[in-house]
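Taking it in order: structure first as structure tokens, then the write-up.
Just the heavy atoms: all of them, side chains too, but no hydrogens, waters or symmetry mates, feed the values below. Per chain, numbering begins at 1; letters A, B, ... match sequence-line order.
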There are 2 protein chains.
Amino acid sequence: MKRRIPYRTFLKPEQLPKCWYNIKADMKELPPPLINPATMRPVSLDELSSIFADELARQELNCTDRFIEIPNDILEYYETYRPSPLIRAYNLERRLQTPARIYYKFEGGNTSGSHKLNSAVAQAYYAKRQGLSSLTTETGAGQWGTALAMACAHFNLPLTVYMVKISALQKPHRKAVIESFGGKVIPSPSTTTAVGRKILSADPNSGGSLGCAISEAVETAANTPNCRYVLGSVLDQVLLHQSVIGLEAKAAMDSLDEYPDIIIGCAGGGSNLGGLICAYMGDKLNKRAHPHFIAVEPDSCPSLTRGQYAYDFCDAGRITPLARMYTLGSGFVPSGIHAGGLRYHGMSPIISKLYHDGHIDEARAVSQTSVFDAAMEFSTAEGILPAPESAHAIKVAIDEAKKCRESGERRVILFNLTGTGYFDMSAYIQYHAKEMTNHSPSDEELCAGLKSLPKLS
Amino acid sequence: MKRRIPYRTFLKPEQLPKCWYNIKADMKELPPPLINPATMRPVSLDELSSIFADELARQELNCTDRFIEIPNDILEYYETYRPSPLIRAYNLERRLQTPARIYYKFEGGNTSGSHKLNSAVAQAYYAKRQGLSSLTTETGAGQWGTALAMACAHFNLPLTVYMVKISALQKPHRKAVIESFGGKVIPSPSTTTAVGRKILSADPNSGGSLGCAISEAVETAANTPNCRYVLGSVLDQVLLHQSVIGLEAKAAMDSLDEYPDIIIGCAGGGSNLGGLICAYMGDKLNKRAHPHFIAVEPDSCPSLTRGQYAYDFCDAGRITPLARMYTLGSGFVPSGIHAGGLRYHGMSPIISKLYHDGHIDEARAVSQTSVFDAAMEFSTAEGILPAPESAHAIKVAIDEAKKCRESGERRVILFNLTGTGYFDMSAYIQYHAKEMTNHSPSDEELCAGLKSLPKLS
């Protein structure tokens, strides 16, 4: 019991971040700006403010302020579930017989079940402060919808969630959690929007997609007085809010006198990866340290490893601004893997730029069954059942720890355990029944997706 | 943000309990002993050791040692998820506009989703240390089965879980979690035991009951070499292990210079209630303080409020020792409420004795819909979705806080939030659809149950 480093490290209240960290202030080359497809010019603050709450639009465009103060009301909410623990994976290390020291930041200990709450509460707060009457959003796997429903319940703000229809049908319990927190769930495609009606008239049995749900949520926000749309990933503002993960992780590691050699995060839209790595990326950009960053994506949706770095729409309905990012094309339809949070054609522009410029060292695409193998190894050792998304990071952390077993290196590995898998048990049932499959898209499938990229003059 | 008392209080490692607290050492009158129904004499250590691991049998009969040292391996496991936070319910207080100060100990932050893990790890440890080859148990709602599967995975000990068949069918996801941690789940009644076969021959479509599952688990343990049975509630040893809840709660409250006026726990078999109140009950028995204790039970299964204080079997199959306890009769079949963990005909002998002698001041029976009303008020305020069992304590905590609003008293309320409701969403769906019903048994139904009480010479 007399370990120098405890199993769980919680920061003291006075060590908690009081500001978010804006990585863009430390990037010598900034990500190319969002483009308005109507004018083909960079999106202005006014234009963005018609989609997002004013302060969030300002944050989206802010490239200069390194630290942005977290408002008191948000700090108070963070206090209800933060700091999240930094965990030393002693039991996993023992099982792997590795000399590596493995740490993970566990963001799944709140009822939303993931890190998504960090940005949800910020976005709901700014919307409320501006006097908005309601919000809309989309959700796929449901973690973001749950987080935003919790935040809107706290600030007493009505919320409509367009939930990918196939998810709403397959996950009635996840839908019920969102409804328990007062969120109004509309399976998408729906008859409430022009986009939805168009899709339904073409295919009345459509199960929907994340891209379609985004389009419906944006359309509804635009057509509802005093309403705005909010998004749980991809955007710079989301990475800003998620920076609390990395700031806390670094403060906790510092207190243990540890510095990671390898930092690993799963990558869907980029919210948790960007949140985890930001503080350490600041060290790297300023040449204070050189940790090795690894982004992990599903081989069924390989935007970083097989996509193009190009301007693309953020949604399938092609009504959002254009972002320059690693993308498979907004027309790419990933196979139905269980890690719904990673089934996105694009990638955060900040993450994309950091990867393009070599600051994120590596991206790895891993297969679904290998991810669930890793999830089982982890959960039986560490006693936490991970979300399929999070298990992508676990997979690579275990791979790296095994390499250390071979080489004898005592490397320090840090990854983000973004969430829990309590609402993903149908995936685990399929895995235990050995009915889980893998699908890596063929070159032809990738080409078809990339053909949907907009032609820029 | 400059609150004197933080939202969440975590004990420092050096403040954690190193011993369990055995309340029996402070009881002037002990609970009457367990009786062997074959001899009608108090159960001996040898007899108990044929059912339970040796050290657990010793703990069951230990009435003299006030503190029992927690072995290092158990402390190390506790370290992976303890201390649990003591939470000041600021948001609930604000919503209720009460001058009361409400605290809750949150035991649901581990993957098993409840306090059950505290005893599961202890029982698995002692079984492993003794060199046992396997364990059996039963589970109803599934929290105990999950907790024991996690503990057995940690100590590499095979486990068979008899799961009430209707639960296994209604909760395939809960079953999958148990299986993910390596537990073998057998829906009960089954053809693997004589008891099960007898029940199935009488009713091939039987959905089973907790009492039947207990009987099957005990029978299998008895017929399997080097195997023992373990139980997640009712027993003195379980209350001993669960004392970490109350010891931690009291240490945390002490550090805040707070002392509860009212202490509330839900009561099924008594494991969480006994665990929560023990440290404060020690104060009361030794006349150091006089907090008001309230046990909350479902009005559909009202063992304390409408049962008899009598010797009864712990199982429906009538093969366990007899315990003197508040009971509705082992033949009583409670209605199908969603708080499966509270659907038990009996009550911990320690809790029963403390209630009988007036040390537990009050028992209240509450209706299912009022419990879910309280769960919704709590979850939207505090951001934690409670298990239906836990929501019984919430219901009475809210009632007491509302009384303070009327009287203006600034009373300090402490309750135990035993677990989360992530696997109880079908109950919430029913509640939201306004299809949830209440059933308080008629006097005739109660009489029928009490007729099953054994006739003692």
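Contact annotation for Ser112(A): neither backbone nor side-chain heavy atoms come within less than 4.5 Å of a heavy atom of chain B. Neither the backbone nor the side chain of Thr420(A) has a heavy atom closer than 4.5 Å to any heavy atom of chain B. Proximity to chain B is absent for every atom of Arg174(A), based on heavy atoms less than 4.5 angstrom apart. Residue Phe181(A) touches chain B through both its backbone and its side chain, counting heavy-atom pairs closer than 4.5 Å. Neither the backbone nor the side chain of Pro13(B) comes within contact range of chain A; no heavy atoms are under 4.5 Å apart. Heavy atoms of Phe423(A) lying under 4.5 Å from chain B belong exclusively to its side chain.
The closest donor-acceptor contact from the side chain of Thr111(B) to the backbone of Gly383(A) lies under 3.5 Å.
In this structure, NZ in Lys171(A) is found 13.5 Å from CE in Met425(B), a value given to the nearest 0.5 Å. Here the OG1-CG distance, from Thr146(B) to Leu385(A), works out to 10.0 Å after rounding to the nearest 0.5 Å.
Between Pro83(A) and Arg8(B), the closest side-chain pair of non-hydrogen atoms falls below 4.5 Å.
Judged purely by distance below 3.5 Å, without hydrogens or angles, the side chains of Ser180(A) and Tyr431(B) never pair a donor atom with an acceptor atom.
In terms of heavy-atom pairs under 4.5 angstrom with chain A, the leader among Ser426(B), Gly182(B), Ala153(B) is Ser426(B). Heavy-atom pairs under 4.5 Å with chain B peak, among Tyr428(A), Tyr77(A), Tyr81(A), at Tyr81(A). Among Arg88(A), Arg82(A), Lys175(A), Arg95(A), the residue with the largest count of heavy-atom pairs under 4.5 Å with chain B is Arg82(A). Note: Met376(A) leads Glu382(A), Met376(A), Met150(A) in heavy-atom pairs under 4.5 Å with chain B.
His173(B) and His173(A) have perpendicular rings, their planes meeting at more than 60° on a 0 to 90° scale where under 30° would count as parallel.
In plain terms, the two heavy atoms of Tyr7(B) and Glu79(A) that are nearest each other are N-OE2, 2.9 Å. Across Ile429(A) and Ala176(B), no two heavy atoms sit closer than the pair CG1-CB, 3.3 Å.
When the shell of 6.0 Å around CD of Glu69(A) is examined, it contains 12 or fewer heavy atoms from other residues, nucleotides or ligands. Counting heavy-atom neighbours within 6.0 Å of Lys12(A) NZ, excluding the residue itself, gives a total of 12 or less.
With Thr80(A) as the fixed residue, the side chain to side chain contact (heavy atoms under 4.5 Å, CB included) test singles out one of Asn91(B), Ile384(B), Ile87(B): Asn91(B).
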Working for side-chain contact (heavy atoms from CB on, under 4.5 Å), residues Val177(B) and Tyr422(A): CA-CA 8 Å; Val177(B) 178; Tyr422(A) 308 142; 5.7 Å; no
